[in-house]
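Naming: A, B, ... by sequence-line order, numbering from 1 per chain.
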Number of protein chains: 2
Amino acid sequence: MKISTKGRYALRMLIDLAEHQNDGFIALKDIAARQDISKKYLEQIVPILNRAELLVTNRGFQGGYRLSRPAEKYTVGEILRATEGGLSPVGCLECTTDVCPRALGCETLPVWKGLEKVINDYLDGITLQDILDQKTERDASDYVI
Amino acid sequence: MKISTKGRYALRMLIDLAEHQNDGFIALKDIAARQDISKKYLEQIVPILNRAELLVTNRGFQGGYRLSRPAEKYTVGEILRATEGGLSPVGCLECTTDVCPRALGCETLPVWKGLEKVINDYLDGITLQDILDQKTERDASDYVI
DNA sequence: TATTATACTACTAAAACGGTAGGATTTCAA
DNA sequence: TTGAAATCCTACCGTTTTAGTAGTATAATA
């Protein structure tokens with residue numbers, strides 16, 4: 001029941017980009033240095049974010065990345081769903097071709113459905129801008145509802 | 001971000017025991033047959049539940065297991081925390097000896113703290129008895145808050 | 001055309017997952 | 001007292017996922 005480094009690093013990368021929204025294209029090596037993440041590994045995460053149209057790329061000299069929209073238009077939920085490949089707590093909830101044969105009478109399914117909902121609702125309620133704002137106001141007592 | 005079979009099977013085993021609360025000790029082979037789970041694998045899950053004092057064991061002839069308390073005294077949260085080894089969405093939140101050096105200025109930590117809270121709050125709000133009750137009333141629209 | 005950057009693909013060590021296998025131990029009934 | 005029924009314990013094992021590293025190709029520009 002863990003968020004992998006892929007999702008965590010992606011979130012940190014996008015926060016980093018949000019903090020440098022007005023600095024043009026940001027090179028991956030700068031993000032990697034600031035966030036202390038392997039640049040090579042970030043290179044693998046970028047295509048996922050690109051496919052989800054979460055960032056804009058500029059190749060070649062003085063290239064790099066920037067956000068494709070303002071920071072308040074990104075939710076943590078969509079970032080994590082893209083990088084983690086969904087946020088369902090159990091496989092049964094993903095729309096795959098093979099449905100669980102026990103699903104019909106399954107007593108635990110409603111538990112997982114509800115859990116999926118609270119997770120998504122919570123993460124969709126936080127934007128990149130919220131995270132930036134919280135950084136400034138130091139006495140903000142987290143995101144605990 | 002998945003609950004493993006260990007947690008899911010443990011929950012199903014305890015639900016099964018809850019459904020047979022008044023039938024004395026229930027042999028593992030019966031649970032395994034009803035739930036269609038490998039008995040050998042369940043044998044590995046049982047010690048975890050025993051350490052957490054979630055069930056009572058009777059060894060030898062006509063032995064088996066039963067719940068150690070009434071079904072309404074079990075929350076899904078405590079069952080999953082025991083079997084999954086905690087429900088933190090990131091390692092940083094677990095009280096280990098080595099604390100993340102980035103923790104102090106970490107912008108994502110409050111997100112994970114909040115996520116951990118909504119997950120635990122939700123799962124601690126559901127008891128085994130709730131699950132039994134929901135089985136009876138067929139029109140109950142899940143546990144969605 | 002040299003330099004700086006991203007893009008793509010392959011590889012890999014280590015850990016976690018999801019079990020299986022086999023024997024030891026306990027209990028009780030016949 | 002012995003044998004059957006049950007849990008207990010520990011080792012093993014194939015597969016998948018995780019968390020990267022490495023190397024080369026491609027693009028842009030000064």
Contact list for residues 53-63 of chain A, test side chain to side chain donor-acceptor pair (under 3.5 Å), sequence neighbours left out: Asn50(A)-Thr57(A)
Protein-nucleotide distance (Ile3(A), atom CD1; dT18(D), atom P), rounded to Å: 11 Å
Tell me whether the side-chain N/O atoms of Tyr65(B) come closer than 4.0 Å to OP1 or OP2 in dA6(D). no
Any sub-3.5 Å donor-acceptor pair from Gln35(A)'s side-chain atoms to Ala32(A)'s backbone N or O? no
Rounding to an integer number of Å, can you tell me how far Lys2(A) NZ sits from dA19(D) P? 11 Å
First and last nt of DNA chain C near chain B, cut-off under 4.0 Å to heavy atoms, 5' to 3', are dG18(C) to dA29(C)
Taking the side chain as every heavy atom from C-beta outward, state whether Thr5(B) and Tyr41(B) have any atom pair closer than 4.5 Å. yes
What string of B, S and - do you get for nucleotides 24-30 of chain D 5' to 3' if you count protein non-hydrogen atoms under 4.0 Å? B-BBBSS
Please determine if a side-chain N or O atom of Ser4(A) lies less than 4.0 Å away from the OP1 or OP2 oxygen of dT18(D). no
Scan residues 48-72 of chain B for pairs that pass ring-ring contact (aromatic ring centres under 6.0 Å, His included), counting only residues two or more places apart or in two chains. none
So, are Glu43(B) and Lys40(B) salt-bridged, with charged N and O less than 4.0 Å apart? yes
Contacts of Ser4(A) meeting side chain to side chain contact (heavy atoms under 4.5 Å, CB included) (sequence neighbours excluded), chain-then-number -> Lys6(A), Glu84(A)
Residues passing the side chain to side chain contact (heavy atoms under 4.5 Å, CB included) test with Thr108(A), sequence neighbours excluded, are Cys106(A), Trp112(A), Leu11(B), Arg12(B), Ile15(B)
Hey, are Asp133(A) and Gln129(A) close enough side-chain-wise for a donor-acceptor pair under 3.5 Å? yes
Contact residues, residues 15-26 of chain B to DNA chain D [heavy atom, < 4.0 Å]: none
Charged N to carboxylate O below 4.0 Å: is that the case for Asp16(B) and Arg34(B)? yes
Which part of the nucleic acid does Lys39(B) contact within heavy-atom distance under 4.0 Å: base, sugar-phosphate only, or nothing? base
Considering every strand and a 4.0 Å limit on heavy-atom distances, what is the contact class for Lys6(B): base, sugar-phosphate, or nothing? nothing
Using a cut-off of strictly less than 4.0 Å between a heavy atom of the residue and any atom of DNA chain D, enumerate the qualifying residues of residues 43-50 of chain B by number. Glu43(B), Gln44(B), Val46(B)
Taking transitive links into account, so neighbours of neighbours count too, which hydrophobic residues share a cluster with Ile48(B) at under 4.5 Å side-chain distance? none
dA19(D) OP1/OP2 closer than 4.0 Å to side-chain N/O of Ser38(A): no
Check the distance between dT15(D)'s C1' and Tyr41(B)'s OH and give it to me in whole angstrom. 13 Å
Residues that, via side-chain heavy atoms closer than 4.5 angstrom, fall in one hydrophobic cluster with Val56(B): Phe25(B)
Arg81(A): what forms a salt bridge (Lys or Arg N to Asp or Glu O under 4.0 Å) with it, not counting sequence neighbours? Asp124(A)
Sequence neighbours excluded, the answer for salt bridge (Lys or Arg N to Asp or Glu O under 4.0 Å) partners of Arg69(B) is Glu78(B)
